[in-house]
Amino acid sequence: MRTPLIAGNWKMHKTAAEAVDLVRTLVPLVDAVEGVEVAVAPPFTALQAVGRLLRAGAAVLLAAQNVHEEDHGAFTGEVSVPMLQDLGVSMVILGHSERRQLFGETDQAVGRKAARVLAANLVPVICVGESLAQRGAGEAFAVVERQLRAALQPIDASALALVVIAYEPVWAIGTGRTASKEQAQEMHAHIRGLLADIGGRKQADQVRILYGGSVNPANIAELMAQPDVDGALVGGASLDAETFASIVRFRV
Ligand code: 13P
């Protein structure tokens, strides 16, 4: 019912030439994999080069790591939805914890961006997740609820099924410390319950909820075996084509 999605978030890694090399190696490795959607999110500077490559035979979707909510204007250093569409981008990661923590992105800004992305028929991948201190204080579920409700507030319930949610506990990002399959499933089920409350059970059942945080070829299968885990948002392990491809081939 829900097609699994494995997306690589390259963060601030790879020049355009390095990005093209990676994708050239990756495409033949994942081409024949059926029933899994694959996406890569290179930095802005490599989107055009990778986009050209993928347009030829798109076994892999092109994603961006962020976007501005306005289409144009005096916003030095920002990039808009039409600019991304122009390069073949079909998916945009929003509200990654690094953007929230390091660049002051608020829940409300994430919501406005998500609404703009959806209005352009692109897929928003909305990231949520608690810090270690918040989990320690027993606030993980409340934090994720606050982030989710704020991000979805500007979105019409009828469009909810098109949204992708990525649960990325901050303490699992880049630390080698993955959430256990039980912790992931518990939070994903919580998220799906909130989605049902927001947009109805039918919509909620169609939303893909990805797990992110130290995903690797060794832990992907047990995470994907959880009923509410519909894919992964992969950081470090997406920077090598073979490693990322073995995550995409989690079933074999
Ligand atoms: P790692 O896979 O490197 O832990 O990063 C996860 C992440 O932040 C993906 O968006």
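Order of appearance sets the numbers: ligands from 1, and atoms from 1 within every ligand.
- Remark: minimum distance from atom 3 (O) of ligand 1 to any protein heavy atom is reached at G236 N, 2.8 Å.
- Residue H96 has at least one nitrogen or oxygen atom sitting less than 3.5 Å from a nitrogen or oxygen atom of ligand 1, judged on distance alone.
- At under 3.5 Å, not a single nitrogen or oxygen of G212, backbone or side chain, sits near a nitrogen or oxygen of ligand 1.
- Counting only heavy atoms of the protein, atom 2 (O) of ligand 1 lies nearest to G235 N, 2.9 Å.
- Annotation: side chain of E168 is not in contact with side chain of V128 (no heavy-atom distance under 4.5 Å).
- Looking at ligand 1, you won't find any N or O of T175 less than 3.5 Å from one of its N or O atoms.
- Side-chain atoms of L94 and V125, non-hydrogen and from C-beta on, never get closer than 4.5 Å to each other.
- Salt bridge status for D21 with K14: absent, with no side-chain N to carboxylate O gap under 4.0 Å.
- Within the 4.0 Å heavy-atom criterion, both parts of I173, backbone and side chain, lie near ligand 1.
- Close contacts between ligand 1 and G213 involve ligand atoms 4 (O), 6 (C) [criterion: under 4.0 Å to a heavy atom].
- When the ring-ring contact (aromatic ring centres under 6.0 Å, His included) test is applied to F244, no partner is found at least two apart in sequence or on another chain.
- Taking the six-membered ring where tryptophan is involved, the planes of H188 and Y167 are perpendicular, since the angle between them exceeds 60° and thus also 30°.
- Each of the following atoms of ligand 1 lies closer than 4.0 Å to a heavy atom of L233: 9 (C), 10 (O).
- Between D107 and R149, none of the side-chain N atoms (NZ, or NE/NH1/NH2) sits under 4.0 Å from a carboxylate O, so this pair counts as no salt bridge.
- Ligand 1 has an N or O atom lying under 3.5 Å from an N or O atom of G174, backbone or side chain.
- Between A237 and ligand 1, a contact under 3.5 Å exists for no N or O pair.
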Before giving the answer on salt bridge (charged side-chain N to carboxylate O under 4.0 Å, His left out), spell out for R135 and E130 the whole-Å C-alpha distance, their side-chain angles and the decisive distance to 0.1 Å. CA-CA 6 Å; R135 179 158 282 261; E130 80 287 357; 2.6 Å; yes

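- Scanning all protein heavy atoms for the shortest distance to atom 7 (C) of ligand 1 gives E168 OE2, 3.2 Å.
- Through side-chain heavy atoms spaced under 4.5 Å, either directly or across other Ile, Leu, Val, Met, Phe, Trp or Tyr residues, I173 is tied to no other residue.
- A heavy-atom separation below 4.0 Å is found between A172 and ligand 1.
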